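Heads up: the structure comes next, in structure tokens.
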Amino acid sequence: MAFLKAIALPFPSRTILNGASILMTLLLFLVAFMVLTPLILMTVNSFQVGQPGEEVVYGLDGWQIAFTSPGTVEAMVNTFNLSITRQLVALVIGVVLAWVLARTDIPMKGTLEFLFWLSFFLPALPITMGWILLLDPKHGLLNQGLLALGLFNNAPFNIYSFWGIIWAHLTASTIGIKVMLLTPAFRNLDAALEESSLIAGASALGTLFRVVVPLMMPAILVSTILGLIRSLESFEIELILGVPVGIHVYSTKIHELMTWEPPQFPPATALSTVFLGILLLLVALQRLYIGKRIYTTLTGRGFSVRVSPLGRWKYPAFAIVLMLGLVATFVPVGLLIMGTFMNVFGFFNLPETWTLNNWRAALEDPVLTRSIWNTIVVGFGAGAVGVFFYSFIAYVIVKSQFAGRTILDFLSWLPASIPGIVLGVGLLWTFLLTDIFTPIYGTIYLLIIAMVIKSIPLGSQLIRSVLLQVGNDLEEASWISGGGWFCTYRRILLPLLLPALITVGLVTFLSAVRDISTVVLLSTGKSRTLSLLMLDFTYGAEFERATVVAVMIVALVVVAALVARIVGGQIGIRQ
Amino acid sequence: MGRCIRLGILLLIMLLGSFGSLVAQSSGPSSKSGWQEEWKQVVATARVEAKVVVLGPPGAGARRALTVGFQKSFPGIEVEYTGATGSRTAPRLLAERRSKKYLADIYISGTGTIIRSLLPAGALDPIGPALILPEVLDTSKWWQGRLEFADRAEKYDLVFTTNVRTHVAINPQLVNKDEIRSYWDLLNPKWRGKIVMHDPAVRGPGQGTAKFFLIQPTLGKEFIRRFFTEQKVTLSRNSRQILEWIARGEYLIAVSPSELHTTELKAKGLPIELLRSNQFKEGSNLNAGFGTVALINRAPHPATAKVYLNWLLSKDGQTAWSKGSGYPSRRIDVPRDQFDPAVLPQDGKSYLSTYKEEYFHYNEEVRAFIQTILKR
């Protein structure tokens, strides 16, 4: 245990080669290999302009095509406008929601938080179709209802618009992920700090924005950077809602190039480097901001998790949060479930509107059972391995004096800079060029590794932001009392980190369960997951059957989330 | 002298042997004992290999069509089927081969992927030598009395599906179909802002239609330019969305509708109607869809690949494909009752076979031209 103890010590001995430094160096090399190999391969291939089967030729043609093709600048402007607007709105709502859920006496907080988790888990395509059904300017049910009531002269909502796209994103995942990432961090805030602020005469909101938010900056910055990069890379919703009204975004350009025949990797990867540049800039700014500030809120001096009473605002706040949660979950899930029983989703005036055929066909599909099993294995595998791996990365970054920890921190961000559709190709190249992966090529184990790599930024950075809140004195007290590293980790750190670990495990699980762009290039007929089965039905003009699979995915995730919450409640921090 | 006689006898035997083999070849694989013996041997080896890896088109219908029937006919031989678009499977296959991993046997896809990605990479074997069953080789069973290939060498990319492409669909409750007898009628100002099309900037039906417009001598660039600039055409990349708009009356005319989606939704009662090519004086082109097959070389299961290929091109295989995929087979002994006669190519009529290699350069040309017009 001696070497493990050395990892945790904030000021370890200066011995150059001890067990801990070897272990941390190995970790650094492992992460560097997993992250840099696809990135380097992609960069090299962005200059490879030879066609398939032809001689390898290097040139700048790909870069030239990428940045001179018509519409690129306009798409870039649209992308930034959409991303920044979305993140600003989501950040304000997310911070307030996370604070309300973690730090106030609002009723049913567990259920409310779960609603936002659920909203993040829902598959984008069927949910977008559901919003179209409600908010289409001509036929949307909500628009028609409001017009029938005489409240408006023209349809008040238009899903095919800038704000329509923002709305679809906010409800689909943007707010959900903010709540998921920020609530555990808010829970780790010592109530004494808020109480001091309130005693000094500050209002509840004043305390939130002048005390709580600054202390939460590591978590807020992580969720904002990840959210911004995800916003820049997203294109599924924009393809459906934006293209018909001429709103093109940057990622649709990459998508276009990747689906060309033959796929145009050089310009697609050249365009993707913009994300890398932005990410590196944001991470540098984040490090500059956090600098040497101290964000420790959990110390040995005593820790209080008392909640702030909302007083007369308790029930109005509850009503607002409940409404937001229901809009983000029950409405789309309700539409999704309804769609599984419809002959044609959203068409109520057909000779036969309702049917059980979609369920029958999906359940009778010979590959369904295997797909469910593969999904469970990939989801749980990635979640379990991910939590362990990301904890280790975060622990080294925050708690060690390892010389390479800054590099490790930067490396852990990099997979976020590669759009999913391009990352899939990069990982494929990486796995093919490395003999170590040969025995598991084509199996679900490869999918697990791919998903673990994909979620490194979110997982390691979230745990890192929570670890920043935990003071070293807690661990030191444990060691002085004779506790070994494992005992200290299990009895001190684990209960404090558990909410964040559960969140990370679940988000990794979800990413693995929902992912299409990464796994589609690595899976075979034997390792097909439910998300690929859903894609199969969608391609084959069987959209309603695809919604059945989407409901199965949601059910799977809900069960996993419930189990995680129950288990977390048993082991978590006791007040 | 004796040595000369022995040499002469040997030469005679060799000559007779060569002659015999020539006779056998000329009588072809349909020579009963020849093909049966070969088939028996190939099937026996396939049973030992016990598996065939097929990279095929996406879609549950296609997957079922290309797996279930074969496994019933050849129990004990597993079909490992991976369905995805060519832009996903081809880069993967080529990357695997660069790493000396030869994992796939059969490739079923559109002609673009096979000819533009796999063929130049030297990843294919000629199909002819792998055809064994007489019912496959019997050209009288195939439309136009021949096996159709899409590649210039006529060796590698065998086309087993052909339909006459339908480029326009309407909402019959809101549009009188007799008003549209030529593609030029789409330029009628009354349709301005009422037309939706699959985005021709990306692979898919929109690009196929735009290519036809470009190649058709009476349409060409002038038609395309006016179509996009005068008619304010709305573009979408989602085939389902296009058809829902038509059914709801948000738009009246869909250009480049997905025939598969349209047929499916129409059968369920949505007011959508395909305007068949025989309604248009400019006609239409022939489409192969995902219905072409290639044999991957250095295959891990070469015997099973042969068995699978012969099954696929047999009456049974083509019937399964035709039913499952919704596209007609080129085999004329496969039932065609479920298809609108207008999508079935007619004997004696001349069509543009735009799926063939010689038409490929038009894809890039039309895409670049439309991007210039739309300034994006």
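Worth saying up front: this structure is predicted, and the values here are computed from it rather than measured. Protein chains get the first letters and strands the later ones, always in sequence-line order, with residue 1 at the start of each.
For B:T67 and B:Q71, the side-chain atoms include no donor-acceptor pair closer than 3.5 Å. Side-chain contact, A:E544 with A:N343: no donor N or O sits under 3.5 Å from an acceptor N or O.
Contacts between residues 245-258 of chain B and chain A, defined by a heavy-atom separation under 4.5 Å, are made by B:W245, B:A247, B:R248, B:E250.
Looking at every heavy atom in both residues, A:V548 comes nearest to A:A362 through CG1-CB, 3.6 Å.
Within a 6.0 Å sphere centred on CZ of B:R152, other residues, nucleotides and ligands contribute more than 12 heavy atoms.
Figure legend: B:R63 and B:Y81 shown without cation-pi pairing, the cationic atom not lying both under 6.0 angstrom from the six-membered ring centre and within 45 degrees of its axis.
Residue with the most contacts toward chain A among B:G326, B:A123, B:A95: B:A95 (heavy-atom pairs, distance under 4.5 Å). Contacts with chain B were tallied for A:T72, A:V367, A:T538; A:V367 has the most, counting heavy-atom pairs under 4.5 Å. By number of non-hydrogen pairs under 4.5 angstrom with chain A, the leading residue of B:L243, B:L270, B:T372 is B:L270. Annotation: maximal heavy-atom pairing with chain B below 4.5 Å, among A:L533, A:L532, A:L522, occurs at A:L522. In terms of heavy-atom pairs under 4.5 Å with chain B, the best-connected choice from A:P244, A:P263, A:S523 is A:P244. Of the listed residues B:G83, B:P91, B:A84, B:G269, the one with more heavy-atom pairs under 4.5 angstrom with chain A than any other is B:P91. The choice from A:V425, A:L535, A:L433, A:D365 that makes the most heavy-atom pairs within less than 4.5 Å of chain B is A:D365. Contact count against chain A (heavy-atom pairs under 4.5 Å) is highest for B:A201 among B:S236, B:G110, B:A201. Of the listed residues (B:Q371, B:E264, B:R88), the one with the most heavy-atom contacts under 4.5 Å to chain A is B:R88.
We find that A:R545 and A:E364 are not joined by a salt bridge, their nearest charged nitrogen and carboxylate oxygen being 4.0 Å or further apart. A salt bridge does not link B:E364 with B:R203: every distance from a Lys NZ or Arg NE/NH1/NH2 to an Asp or Glu carboxylate oxygen is 4.0 Å or more.
Neither the backbone nor the side chain of B:R97 comes within less than 4.5 Å of any heavy atom in chain A. Both the backbone and the side chain of B:T113 come within contact range of chain A, judged by heavy atoms closer than 4.5 Å. Proximity to chain A (any heavy atom under 4.5 Å) is restricted, for B:K101, to the side chain, taken from C-beta onward. Contact annotation for B:E244: both backbone and side-chain heavy atoms come within less than 4.5 Å of a heavy atom of chain A. Looking at A:L350, only its side chain comes within 4.5 Å of chain B, counting heavy atoms on both sides.
With sequence neighbours left out, the side chain to side chain donor-acceptor pair (under 3.5 Å) criterion links A:W359 to A:T340.
Looking at heavy atoms from C-beta onward, A:Y441 lies out of side-chain contact with B:S99 at the 4.5 angstrom threshold. Between B:S322 and B:Q338, some side-chain heavy-atom pair lies under the 4.5 Å cut-off.
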Derivation of the ring pair (Phe, Tyr, Trp, His ring centres under 6.0 Å) call for A:F543 and A:F537 = CA-CA 6 Å; A:F543 180 74; A:F537 281 126; over 10 Å; no
Could you go through the ring pair (Phe, Tyr, Trp, His ring centres under 6.0 Å) check for B:W321 and B:F290 one step at a time?
-> CA-CA 11 Å; B:W321 162 259; B:F290 284 120; 8.1 Å; no
